[in-house]
Q: 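Right, I'll just put the structure down here and ask away after.
Just so you know, these numbers come straight off a predicted model, no measurement behind them. Here is how names work: the chains are called A, B, and so on, in the same order as the sequence lines, proteins then strands, and each is numbered from 1.
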Amino acid sequence: MADFLTKREDNYSQWYNDLVIKADLAENSAVRGCMVIKPYGYALWEKIQAQLDKMFKATGHVNAYFPLFIPKSFFSKEADHVEGFAKECAVVTHYRLKNDPDGKGVIVDPDAKLEEELIVRPTSETIIWNTYKNWIQSYRDLPILINQWANVVRWEMRTRLFLRTSEFLWQEGHTAHATKKEAEEETRLIIDLYSDFAQNYMGIPVLKGTKSESEKFAGAIETYAIEALMQDGKALQAGTSHFLGQNFARAFDVQFLDKTSKLEYVWSTSWGVSTRLIGAIIMAHADNNGLVLPPNLAPIQVVIIPIYKGNSELESINSAALEIKAELETKGISVKYDNRDTHKPGYKFAEYELKGVPVRLALGSRDIAGGTIELARRDTLTKEIVPRESIGSRIEDLLKEIQINIFNRALQFRDDNIYRVDTREQFLEQVEKGGFILAHWDGTAETEEKIKQETKATIRVIPLDSPEEEGKCVWSGNPSVRRVVFARAY
RNA sequence: CGGGGUGUAGCGCAGCCAGGCAGCGCGCUUCGUUCGGGACGAAGAGGUCGGGAGUUCGAAUCUCCCCACCCCGACCA
């Protein structure tokens with residue numbers, strides 16, 4: 001059917017690239033490594049934003065905005081943080097252009113060199129903690145629970161639309177607390193919130209856990225992550241929440257007087273998810289006909305397509321369609337009525353399938369005469385004829401059903417692709433096939449590094465709920481007390 | 001930064017080896033017939049052949065230089 005898309009089974013990454021472009025989500029821009037997010041892709045991001053924003057607000061967070069530019073000196077204050085980001089920072093060195101005296105065009109004005117270079121934020125901990133320093137003197141000033149929606153820049157070597165681009169959109173939460181306990185609770189609260197969002201809105205099951213020492217955020221004491229499994233068996237980190245301890249407070253000298261008049265460093269967290277989530281939605285649900293969007297995040301939940309011969313038929317279909325649209329909209333369902341006369345129904349069917357619209361209604365003279373509507377669902381590609389009077393309630397139920405169905409499908413796939421592995425041979429074999437590998441690990445960075453070098457698999461998470469279990473490290477044979485999750489990852 | 005590849009109409013490509021009117025498919029415009037799974041016919045529009053220099057009567061094609069992008073590695077949400 002969709003023969004303009006590369007088949008998923010032929011070349012998964014080409015299929016993904018084709019899909020992003022053909023479904024009109026985004027395209028490569030004139031700037032290397034940076035994408036243009038097109039209206040349909042941005043609409044999806046807006047749905048993600050709106051829901052997360054609601055969830056952040058419901059847990060007491062507020063939004064604010066900090067600068068894009070960060071003085072270079074701020075980066076040198078937290079050693080691990082510098083180490084982690086130094087290699088991928090864009091640097092602003094000048095503030096003016098001038099006409100090229102030798103000819104056409106403009107050049108950077110050498111007289112306009114900045115005293116101190118500015119870093120384009122790869123993340124905002126430093127500028128934010130420099131600012132918080134001025135906001136916090138007393139325990140009465142705490143907690144600070146701020147989120148910002150922003151763009152960040154990380155100069156990536158290799159980029160892929162949504163999954164890894166040099167500039168991307170995200171939200172970053174930065175909180176300040178009086179106690180360690182409170183900051184730890186915040187970190188856990190957010191990773192649970194992300195997990196809830198991934199499962200109930202994106203329809204993607206995730207594994208929740210902590211990162212190993214080498215995989216955690218630069219500057220964090222502990223990094224919690226949710227990890228999803230894509231259809232090709234590779235893992236995708238879908239969200240992270242960091243317990244930063246007092247690292248940034250010490251680096252930026254942020255102290256407060258507690259209730260006992262004792263001077264203390266502030267405890268902090270940071271957490272984020274990015275436009276990468278769009279990549280996750282694609283790679284978790286889409287098929288050879290195109291996107292399959294979860295109803296809870298689909299920009300268009302229902303599309304209505306008229307089928308008619310001549311203008312007289314169209315008129316009666318128009319009025320019926322608009323009635324149905326209005327009825328659905330009163331139930332909070334987003335509906336598009338596509339009565340463009342420039343494309344045939346078959347074209348539109350294929351187009352909305354490609355774009356992953358969960359439910360499609362087709363309305364023709366036969367339906368008008370018989371008081372029915374043809375309803376097609378994207379997740380199963382099945383059709384049914386529904387009586388006109390029950391369409392509202394049918395769709396209301398169906399959207400919920402589709403949401404659950406695609407989650408269950410992804411869950412089934414995920415569960416079918418978790419493997420308990422106990423020997424190096426099994427590990428090597430399974431890593432080639434993909435999936436999450438549950439294996440014993442001796443807990444050392446050396447072993448982790450060796451495994452990464454030889455298999456390209458990394459520890460995705462150390463699951464929060466993993467039971468203690470005596471075993472031997474799959475690589476070194478040294479004793480281990482629990483299994484961790486390995487996979488090749490995006 | 002290494003290795004490979006590609007730049008020709010909006011998109012996808014052929015033409016280059018062996019120099020001689022710049023082509024094909026899709027898309028686009030107009031008109032007509034169509035319309036329940038990507039319609040058909042007819043007529044059109046659309047080009048700095050990535051850029052520069054050279055060889056030649058003549059360069060998309062040969063030579064040299066430059067630029068950009070893509071893929072594969074090392075780095076990463």
Side-chain angles (χ1 to χ4, degrees), chain A residues 1-6 11 13-14 17-18 21-22 27-34 83-89 122-123 151-172 194 211 214-218 220 223 225-228 235-242 270-280 289-290 305-311 313-314 317 338-355 360-370 372-376 381 383 385 452-453 456 458 460 489-490:
Chain A
M1 198 177 282
D3 49 358
F4 42 81
L5 265 185
T6 302
N11 184 342
S13 61
Q14 191 61 46
N17 291 339
D18 281 8
I21 304 288
K22 297 275 168 54
E27 62 186 34
N28 283 305
S29 71
V31 184
R32 180 195 145 80
C34 297
E83 173 77 20
F85 287 103
K87 283 174 286 185
E88 48 187 17
C89 286
T123 179
N151 59 338
V152 287
V153 169
R154 297 179 186 177
W155 214 262
E156 297 290 347
M157 302 282 179
R158 280 172 54 68
T159 59
R160 289 193 71 194
L161 293 170
F162 290 117
L163 298 175
R164 178 167 299 107
T165 47
S166 292
E167 180 192 16
F168 58 90
L169 305 183
W170 77 347
Q171 58 70 214
E172 47 180 327
Y194 286 158
K211 287 288 182 181
S214 58
E215 292 282 327
K216 76 182 190 192
F217 176 73
T223 288
I226 52 169
E227 204 75 20
L236 183 83
Q237 180 172 304
T240 49
S241 180
H242 315 291
S270 69
W271 28 273
V273 299
S274 71
T275 37
R276 173 179 252 199
L277 293 183
I278 293 174
N289 294 317
I305 295 170
I307 292 153
Y308 58 95
K309 297 183 175 69
N311 278 333
E313 272 192 28
L314 181 58
I317 292 170
D338 185 355
N339 66 347
R340 285 176 299 172
D341 193 35
T342 50
H343 296 279
K344 291 185 58 180
Y347 179 94
K348 294 176 186 174
F349 290 176
E351 181 182 356
Y352 292 106
E353 242 157 52
L354 180 59
K355 291 192 161 190
R360 182 187 74 228
L361 301 178
L363 194 58
S365 307
R366 291 209 301 263
D367 297 297
I368 300 293
T372 59
I373 298 170
E374 182 192 88
L375 180 157
L381 295 168
K383 291 181 193 175
I385 303 295
K452 185 178 176 183
Q453 288 304 320
K456 291 182 177 143
T458 50
R460 302 320 303 160
Y490 277 98

Q: Starting from C1' on B:G32, measure out to NZ on A:K309 and report it in whole angstrom.
A: 18 Å
Q: Need one value for A:T165: base, sugar-phosphate or nothing, where a base atom within 4.0 Å counts as base even if backbone is also close, heavy atoms only.
A: base
Q: Sticking with atom P, work out how far B:U6 lies from B:C62, rounded to a whole angstrom.
A: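 So the two P atoms sit 12 Å from each other.
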Q: Determine the contact category for A:F217: base if any of its heavy atoms lies under 4.0 Å from a base atom, sugar-phosphate if only primed atoms, P, OP1 or OP2 are that close, otherwise nothing.
A: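 No contact.
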Q: Could you tell me how far B:C1 sits from B:G51 if I compare only their C1' atoms? Round to whole Å.
A: 25 Å
Q: Between C1' on B:A39 and CZ on A:R340, what's the gap in Å once rounded to a whole number?
A: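 The answer, rounded to whole Å, is 16 Å.
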Q: Just to be sure I understand the rule, does A:Q237 reach a base, reach only the sugar-phosphate, or reach nothing, if contact means heavy atoms closer than 4.0 Å?
A: sugar-phosphate
Q: Without decimals, in angstroms, what is the distance between A:L161 CG and B:C71 C1'?
A: 14 Å
Q: Taking atom types as modelled, find out whether A:T6 and A:D18 have a side-chain donor-acceptor pair closer than 3.5 angstrom.
A: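 Side chains of A:T6 and A:D18: pair found under 3.5 Å.
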Q: Does B:A68 pair with anything, Watson-Crick or G-U wobble, both distances under 3.5 Å, and if so, with which nucleotide?
A: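 Check on B:A68: paired to B:U6, both distances under 3.5 Å.
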Q: I need the NZ-P distance between A:K344 and B:G27, as an integer number of Å.
A: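 About 13 Å, once rounded to whole Å.
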Q: Measure from the side-chain N and O atoms of A:N151 to the backbone N and O of A:V153, and report whether any donor-acceptor pair falls under 3.5 Å.
A: no
Q: Considering only the P atoms, how many Å lie between B:U63 and B:G7, rounded to the nearest integer?
A: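 Their P atoms lie roughly 15 Å apart.
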Q: To the nearest Å, give me how far apart CZ (A:F85) and P (B:C75) are.
A: 16 Å
Q: Please compare A:Q453 and A:E374 by the position of their nearest nucleotide in RNA chain B and report the one closer to 5'.
A: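 By nearest-heavy-atom nucleotide position, the 5'-most residue is A:E374.
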Q: For B:C31 versus B:C70, give the span between their C1' atoms, rounded off to a whole number of Å.
A: 42 Å
Q: If you define the side chain from C-beta out and look only at heavy atoms, does anything of A:F217 sit under 4.5 Å from A:T240?
A: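 Side-chain contact under 4.5 Å: no.
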Q: Considering every strand and a 4.0 Å limit on heavy-atom distances, what is the contact class for A:R360: base, sugar-phosphate, or nothing?
A: base
Q: Across all strands, who's sitting opposite B:U63 as a Watson-Crick or G-U wobble pair, both distances under 3.5 Å?
A: B:A53
Q: Between A:R276 and A:F168, is NZ or CZ placed under 6.0 angstrom from the six-membered ring centre and within 45° of the ring axis?
A: no
Q: Expressed in whole Å, how much space separates the P atoms belonging to B:C64 and B:G25?
A: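 Rounded to whole Å, the distance is 35 Å.
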Q: Considering Watson-Crick and G-U wobble pairs with both distances under 3.5 Å, what does B:G41 pair with?
A: B:C31
Q: Please determine if a side-chain N or O atom of A:K87 lies less than 4.0 Å away from the OP1 or OP2 oxygen of B:C75.
A: no
Q: Under 4.0 Å between a Lys/Arg side-chain N and an Asp/Glu carboxylate O for A:K211 and A:E227?
A: yes
Q: Nearest whole angstrom, please: distance from the P of B:C75 to the NZ of A:K452.
A: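 Rounded to the whole Å, the gap is 6 Å.
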Q: For A:A362 and for A:R158, find the nucleotide of RNA chain B with the closest heavy atom, then tell me which residue's nucleotide is more 5'.
A: A:A362
Q: Give none if B:C1 has no partner; otherwise give the nucleotide forming a Watson-Crick or G-U wobble pair with it, both distances under 3.5 Å.
A: B:G73
Q: Please classify the nucleic acid contact of A:L163 as base, sugar-phosphate, or nothing, using heavy-atom distances under 4.0 Å.
A: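 Here A:L163 touches the bases of the nucleic acid.
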Q: Quote, to the nearest angstrom, the C1' distance that separates B:C24 from B:A14.
A: 7 Å
Q: Taking any strand in view, what nucleotide pairs with B:G58 in a Watson-Crick or G-U wobble way, both distances under 3.5 Å?
A: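 No nucleotide pairs with B:G58.
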Q: Any donor-acceptor pair under 3.5 Å linking the side chain of A:N289 with the backbone of A:E353?
A: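 A pair under 3.5 Å: no.
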Q: Determine the Euclidean distance between corresponding C1' atoms of B:C67 and B:G52; express it in Å to zero decimal places.
A: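 Straight-line distance between the two C1' atoms is 10 Å.
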Q: Considering only atom C1', compute the distance from B:C69 to B:G20 and round it to an integer number of Å.
A: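 Their C1' atoms lie roughly 32 Å apart.
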Q: Select base, sugar-phosphate, or nothing to describe what A:T123 touches, counting heavy atoms under 4.0 Å on all strands.
A: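 Answer is nothing: A:T123 stays at 4.0 Å or more from every strand.
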Q: Using Watson-Crick or G-U wobble geometry with both distances below 3.5 Å, tell me the partner of B:G23, or none.
A: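 B:G23 is paired, partner B:C13.
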Q: Atom CD of residue position A:Q14 - does it have more than 12 heavy atoms of other residues, nucleotides or ligands inside 6.0 Å?
A: yes
Q: Base, sugar-phosphate, or nothing for A:K211, non-hydrogen atoms under 4.0 angstrom?
A: nothing
Q: Which nucleotide, B:C35, B:G37, B:A74, lies nearest any side-chain atom of A:K383?
A: B:G37
Q: Send over the distance from A:M157 CE to B:C72 P, rounded to a whole Å.
A: 15 Å
Q: Tell me the interatomic distance from A:N28, atom CG, to B:G7, atom C1', rounded to whole angstroms.
A: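 In whole Å, B:G7 C1' lies 15 Å from A:N28 CG.
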